[in-house]
**Q** 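Input: one structure, supplied below.
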Amino acid sequence: MEAGSRCAVITGGAQGIGRALAEELLRNQYKVCILDMNKDAGENAQTELNKAFGDGSIFFYACDVTKNSDLESAVKLCIESLGRIDVFVNNAGIVNEYNPSLTVSVNLTAVIQACGIVIEHMRKDKGGSGGTIINVSSIAGLVSLPFIPIYCATKSGLLSYTKAVAKQAEIAAQGITLSCICPGFTDTAFVQNLEDKMPDFSTAHKAIEHTGLLKVQAVTDGILKLIKDQKNGSILKVSANGTD
Ligand code: NAI
């Protein structure tokens, strides 16, 4: 790793918001690791982005974030490749109203596990240098959407968890900040594949037509702002009406 470059890890970084964020961070001279359970898309992102930004700019490790052993070994590999983790983005997420336990597992339990592992690495009293954790929640975590109640529960749970940990005096003392981004419907495969993920898709479709779709860039800009501001416990809403 070159002296001075910052190092970031993004879960669910093989496509969509995660991949766009990886590209944006590389453009900002970060070294990046992406973790994803989709091996083909992850390897493809690694090849294309190393070609664009130089070999060794980005590393991909296959990891199902719901498996704690996968997560632990993948974070270890990231630390070996990057030297350290300055920024960790919990971005992997799903919507599947037919599978509540999987939805809770990916969107909430895995994030809690990852925060635990990464906080240990970042702690100054354990030889770390502090750092920033960004959790990708959703507008659905702030507003109750009747067509995706389980997804709403996971994303509001994530807001609550992030704010509670951010308030711990110990976290600030260790130079660690946690914050959340809450995007509205965003133009990725996630939205394109919603139809099979809930019983009441027609209401979801109407809601998307009403609000419109955000460009991925609006979300990555918001995440970059959170990384730059480093305000512990920040919740940033990104919607068609703007960012607040
Ligand atoms: P996407 O479906 O395009 O990408 C999600 C990525 O996460 C995929 O590469 C997938 O393979 C990976 N993933 C899923 N389960 C995983 C697991 N168990 N282990 C490792 N990787 C896993 O979705 P998108 O739109 O990029 O979403 C990213 C985040 O943004 C999610 O947390 C989502 O809930 C959130 N979000 C998305 C919105 C949207 O409308 N697209 C709106 C608000 C929030």
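Counting starts at 1 for both ligands and their atoms, following the listed order.
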**Q** Angle class for the F59/Y61 ring planes (parallel below 30°, perpendicular above 60°, tilted otherwise)?
**A**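 The arrangement is parallel - the two ring planes meet at less than 30°.
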**Q** Looking at ligand 1, does G184 have a heavy atom less than 4.0 Å from it?
**A**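 Right, G184 reaches ligand 1.
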**Q** Quick check: does any side chain N or O of E23 sit under 3.5 Å from a backbone N or O of L49, one acting as donor and the other as acceptor?
**A**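 Here the side-chain-to-backbone pair does not exist.
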**Q** Return the residue, atom name and 0.1 Å-rounded distance of the protein heavy atom closest to atom 34 (O) of ligand 1.
**A**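 Protein heavy atom with the smallest distance to atom 34 (O) of ligand 1: Y151 OH, 2.6 Å.
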**Q** Considering heavy atoms of the protein only, find what lies nearest to atom 6 (C) of ligand 1 and give residue, atom and distance to 0.1 Å.
**A**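 The closest heavy atom on the protein side is G12 O, 3.6 Å.
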**Q** N/O of Q15 under 3.5 Å from N/O of ligand 1, yes or no?
**A**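 Q15 vs ligand 1: N/O contact under 3.5 Å present.
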**Q** Which of the atoms in ligand 1, numbered in the order shown and given with their element, are less than 4.0 Å from a heavy-atom of N38?
**A**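 With N38 as reference, the close atoms of ligand 1 come out as 11 (O).
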**Q** Hey, does the side chain of D86 reach the backbone of C7 with a donor-acceptor pair shorter than 3.5 angstrom?
**A**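 Between the backbone of C7 and the side chain of D86 there is a qualifying donor-acceptor contact (under 3.5 Å).
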**Q** What pair of heavy atoms forms the shortest contact from C152 to L145, and how long is it?
**A**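 In this case the closest contact between C152 and L145 is SG-N, 3.3 Å.
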**Q** Just which atoms of ligand 1 are under 4.0 Å from any heavy atom in F185?
**A**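 That gives atoms 40 (O) of ligand 1.
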**Q** Could you tell me the residue and atom name of the protein heavy atom closest to atom 40 (O) of ligand 1, and the distance to it rounded to 0.1 Å?
**A**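 It is T186 N, 2.7 Å.
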**Q** Out of I94, V111, D187, V238, whose heavy atom is nearest to atom 14 (C) of ligand 1?
**A**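 Nearest heavy atom to atom 14 (C) of ligand 1 lies in I94.
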**Q** Kindly say whether L178 contributes a backbone atom to a donor-acceptor pair with the side chain of N232 at under 3.5 angstrom?
**A**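 Here the side-chain-to-backbone pair exists.
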**Q** I need the atoms of ligand 1 closer than 4.0 Å to a non-hydrogen atom of G93, numbered in the order shown.
**A**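 That gives atoms 31 (C), 32 (O) of ligand 1.
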**Q** Run down the list I181, N91, T103 and name the one with the heavy atom closest to atom 32 (O) of ligand 1.
**A**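 Closest candidate by heavy-atom distance is N91.
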**Q** Of the protein's non-hydrogen atoms, which lies at the shortest distance from atom 16 (C) of ligand 1, and what is that distance?
**A**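 Result: M37 SD, 3.3 Å.
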**Q** Hey, does the side chain of Q29 reach the backbone of S5 with a donor-acceptor pair shorter than 3.5 angstrom?
**A**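 No; zero donor-acceptor contacts below 3.5 Å.
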**Q** I would like to know whether E24 and R27 meet salt bridge (Lys or Arg N to Asp or Glu O under 4.0 Å); could you show each step before the answer?
**A** CA-CA 5 Å; E24 205 57 57; R27 219 170 270 128; 3.1 Å; yes
**Q** Relative to ligand 1, is S137 under 4.0 angstrom through side chain, backbone, both or neither, heavy atoms considered?
**A**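 Answer for S137: backbone.
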**Q** Can you find a pair of side-chain heavy atoms, one from L71 and one from N68, that are under 4.5 Å apart?
**A**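 Of all side-chain heavy-atom pairs linking N68 with L71, at least one is under 4.5 Å.
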**Q** Determine yes or no for a side-chain-to-main-chain donor-acceptor pair under 3.5 angstrom, with N50 supplying the side chain and S57 the backbone.
**A**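 Yes, the answer is positive, given that a donor and an acceptor are paired below the 3.5 Å cut-off.
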**Q** Could you tell me which atoms of ligand 1, counted from 1 in the order shown, lie closer than 4.0 angstrom to a heavy atom of G16?
**A**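 Those atoms are 3 (O), 26 (O).
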**Q** Flag yes if I223 and I235 sit in one hydrophobic cluster, no otherwise; membership is Ile, Leu, Val, Met, Phe, Trp, Tyr, and two members link when side-chain heavy atoms are under 4.5 Å apart.
**A**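 No: no chain of side-chain contacts under 4.5 Å links I223 to I235.
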**Q** Can C63 be said to touch ligand 1, with heavy atoms closer than 4.0 Å?
**A**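 Right, C63 reaches ligand 1.
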**Q** For ligand 1, does K155 get within less than 4.0 Å through its side chain, its backbone, both, or neither, judged by non-hydrogen atoms?
**A**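 Just the side chain.
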**Q** Considering only protein heavy atoms, which is closest to atom 30 (O) of ligand 1, and at what distance to one decimal place?
**A**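 For this ligand atom, the closest protein heavy atom is V136 CG1, 3.3 Å.
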**Q** Once you restrict to heavy atoms under 4.0 Å, what part of I17 touches ligand 1? Side chain, backbone, both or neither.
**A**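 The answer is both, backbone and side chain.
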**Q** Using a 4.0 Å heavy-atom threshold (strictly under), name the region of V65 that reaches ligand 1: side chain, backbone, both or neither.
**A**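 Near ligand 1, V65 shows its backbone as well as its side chain.
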**Q** Could you check if a side-chain atom of F88 sits within less than 4.5 angstrom of a side-chain atom of C78, using non-hydrogen atoms only?
**A**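 F88 vs C78: side chains apart.
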**Q** Are any of the N/O atoms in D64 less than 3.5 Å from those in ligand 1?
**A**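 Between D64 and ligand 1, an N or O pair is found under 3.5 Å apart.
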**Q** Please write down residue, atom name and distance for the protein heavy atom closest to atom 43 (C) of ligand 1.
**A**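 Looking only at protein heavy atoms, the one closest to atom 43 (C) of ligand 1 is P183 O, 3.2 Å.
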**Q** Counting non-hydrogen protein atoms only, what is the nearest one to atom 24 (P) of ligand 1? Give residue, atom name and distance.
**A**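 Sorting protein heavy atoms by distance from atom 24 (P) of ligand 1 puts T188 OG1, 3.6 Å first.
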**Q** Check whether D36 reaches the backbone of N38 with its side chain - one donor and one acceptor, N or O, closer than 3.5 Å.
**A**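 Yes; judged by distance alone, with no hydrogens or angles, the pair exists.
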**Q** Could you check whether any side-chain N or O of N107 sits under 3.5 Å from a backbone N or O of I94, counting only pairs where one atom can act as donor and the other as acceptor?
**A**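 The answer is yes, because a donor-acceptor pair under 3.5 Å joins these two groups.
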**Q** Among all protein heavy atoms, pick the one closest to atom 10 (C) of ligand 1 and tell me residue, atom and distance.
**A**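 Answer for atom 10 (C) of ligand 1: D36 OD1, 3.5 Å.
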**Q** What residue among L213, I139, L214 forms side chain to side chain contact (heavy atoms under 4.5 Å, CB included) with T186?
**A**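 Testing each of L213, I139, L214 against T186, the sole residue satisfying side chain to side chain contact (heavy atoms under 4.5 Å, CB included) is L214.
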**Q** So is V191 close enough to ligand 1, meaning a heavy atom under 4.0 angstrom away?
**A**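 In this structure, V191 qualifies as a contact of ligand 1 - some heavy atom is under 4.0 Å.
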